[in-house]
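Proteins come first, then strands; the chains are lettered A, B, ... in the order of their sequence lines, and each starts at number 1.
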There are 2 protein chains.
Amino acid sequence: MSDGRTVQGETLLYLTDEQLRQGAEAMFFAYRGFTADPDRILAGLSYGRAHHRALHFIHGAPGTTVNNLLAILGVTKQSLNRVLRSLIEDGLVESRVGRVDKRERHLFLTPGGEALERELSDAQRLRMRAAFREAGPEAVAGFRRVLEAMMDPEMRLQYQRLREGRG
Amino acid sequence: MSDGRTVQGETLLYLTDEQLRQGAEAMFFAYRGFTADPDRILAGLSYGRAHHRALHFIHGAPGTTVNNLLAILGVTKQSLNRVLRSLIEDGLVESRVGRVDKRERHLFLTPGGEALERELSDAQRLRMRAAFREAGPEAVAGFRRVLEAMMDPEMRLQYQRLREGRG
DNA sequence: CATTTTAAGTCAGGCATGTTGACATTCCAA
DNA sequence: TTGGAATGTCAACATGCCTGACTTAAAATG
């Protein structure tokens, strides 16, 4: 890979291989922190990150279909199905047959599901809030901009669609 | 959770629950993109992300010990050992008994290991470089600041130590 | 109406990753 | 010198996610 510095001086210092390397390491360590708190809660419940993600997105889009969730989470239906089955058995998620299309199942959180989702989200938000506060508003804007640029185009669309859906 | 807007107006808009929620989703989608390219390469090699991480950090700190790597990667030594064993068997990593302390093993990449590390890093850097370029230098600075604030204090130290070690 | 497509769920098998437990080797300090 | 601590290894097991093949039901198509 070429060295940004050799191209047009200090302006592109943030594109040197070493800067990119540091960026990658920052992503690695930060993601660990990002998931650490919910992971601790989930560990005691024989649930994993997959359950958290399902609860998160069902909470954000109640009534979403299995197929929809599949596209957002980017896992196979076999994988998602195992997660959903346990959540439904434990009474955290409700699956209702679609009214217009009876093949579809619409997913909702029960009060218990909402409670767990909130517990997990609160743990995660606590850390994010602290980080955002510490870094300041401009840093947060930059953070968001870089992350969005890092997504696969498909995922970027999903992300923007979710944002718009909630205003 | 409290709503930032109610505290002191638009200044803290970036701390509202909805903003934090969007930040969390951005992390989720972006991390997927971040790992997608190396994952594709690894899939054909019966290797996984753990192998990539090991190669990455051994490359960055040649001669590091197993214990050292353990602290950085945050997994159990048994888990790391399986990864290292396969990398050593495949001739990508060399393990040398420590000279001053014979209990320690010092880890180095062989030319083959360096080659694979480079291939993986190049794939990842390509995406990061594009994202950094698209977002611009100030955004990248903010990105880094938020990620650093999001790390566990321990990991933050590891991260800073690695940065200093390479200048 | 018959056929094809779509949505969802299931079973089987595989691989990467993580865990705990037991163990060998080496070092160091009481 | 002896016992504890540190380092690393091996084995067994659990989990999560994957692919592939299949069933069921319903919708779309012709």
| With B/D37, which of B/R49, B/R32, B/R127 fulfils salt bridge (charged side-chain N to carboxylate O under 4.0 Å, His left out)? | B/R127
| said: What does the B/S/- profile of nucleotides 24-30 of chain C look like, 5' to 3', with a 4.0 Å heavy-atom cutoff to protein? | reply: --BS---
Going by heavy atoms closer than 4.0 Å, what residues in [range] are next to DNA chain D?
| range | result |
| --- | --- |
| residues 76-87 of chain A | A/T76, A/Q78, A/S79, A/R82 |
| residues 45-53 of chain B | none |
| residues 62-72 of chain B | B/T65, B/V66, B/N67 |

| Salt-bridge contact B/K102-B/E104 (side-chain N to carboxylate O under 4.0 Å) | no
Hydrogens and angles aside, do [X] and [Y] bring a side-chain donor and acceptor to less than 3.5 Å of each other?
| X | Y | answer |
| --- | --- | --- |
| B/E154 | B/Q158 | no |
| A/R21 | B/S121 | no |
| B/H51 | B/S86 | yes |
| A/E25 | B/H56 | yes |

| message | Taking side chain to side chain donor-acceptor pair (under 3.5 Å) as the definition, give me every residue that meets it alongside A/E148, ordered by chain and number, with sequence neighbours left out. | response | A/Q160
| task | Output all residues satisfying side chain to side chain donor-acceptor pair (under 3.5 Å) with A/R103, sequence neighbours left out; order by chain, then residue number. | result | A/D101
What's the [atom1]-[atom2] distance between [X] and [N], to the nearest Å?
| X | N | atom1 | atom2 | value |
| --- | --- | --- | --- | --- |
| B/L107 | D/dT7 | CG | C1' | 12 Å |
| B/H106 | D/dA6 | NE2 | C1' | 14 Å |
| B/I88 | D/dT9 | CD1 | C1' | 11 Å |
| B/L73 | C/dG18 | CG | C1' | 13 Å |

| message | Could you see if B/L70 belongs to whatever hydrophobic cluster contains B/L109? Use Ile, Leu, Val, Met, Phe, Trp, Tyr and a side-chain cutoff under 4.5 Å. | response | yes
| said: Here's one to test your reading of the geometry: is the NZ or CZ of B/R96 within 45 degrees of the ring axis of B/F108 and under 6.0 Å from its centre? | reply: yes
| task | I would like to know whether A/E134 and B/R156 meet salt bridge (charged side-chain N to carboxylate O under 4.0 Å, His left out); could you show each step before the answer? | result | CA-CA 14 Å; A/E134 184 180 333; B/R156 200 163 169 175; 2.7 Å; yes
| field | Close side-chain approach of B/F34 to A/M151, heavy-atom, < 4.5 Å | value | no
| query | Checking all strands, does A/G74 fall into the base, sugar-phosphate, or nothing category for heavy-atom contacts under 4.0 angstrom? | reply | sugar-phosphate
| query | Are B/F57 and A/F28 an aromatic pair by the rule of ring centers under 6.0 Å? | reply | yes
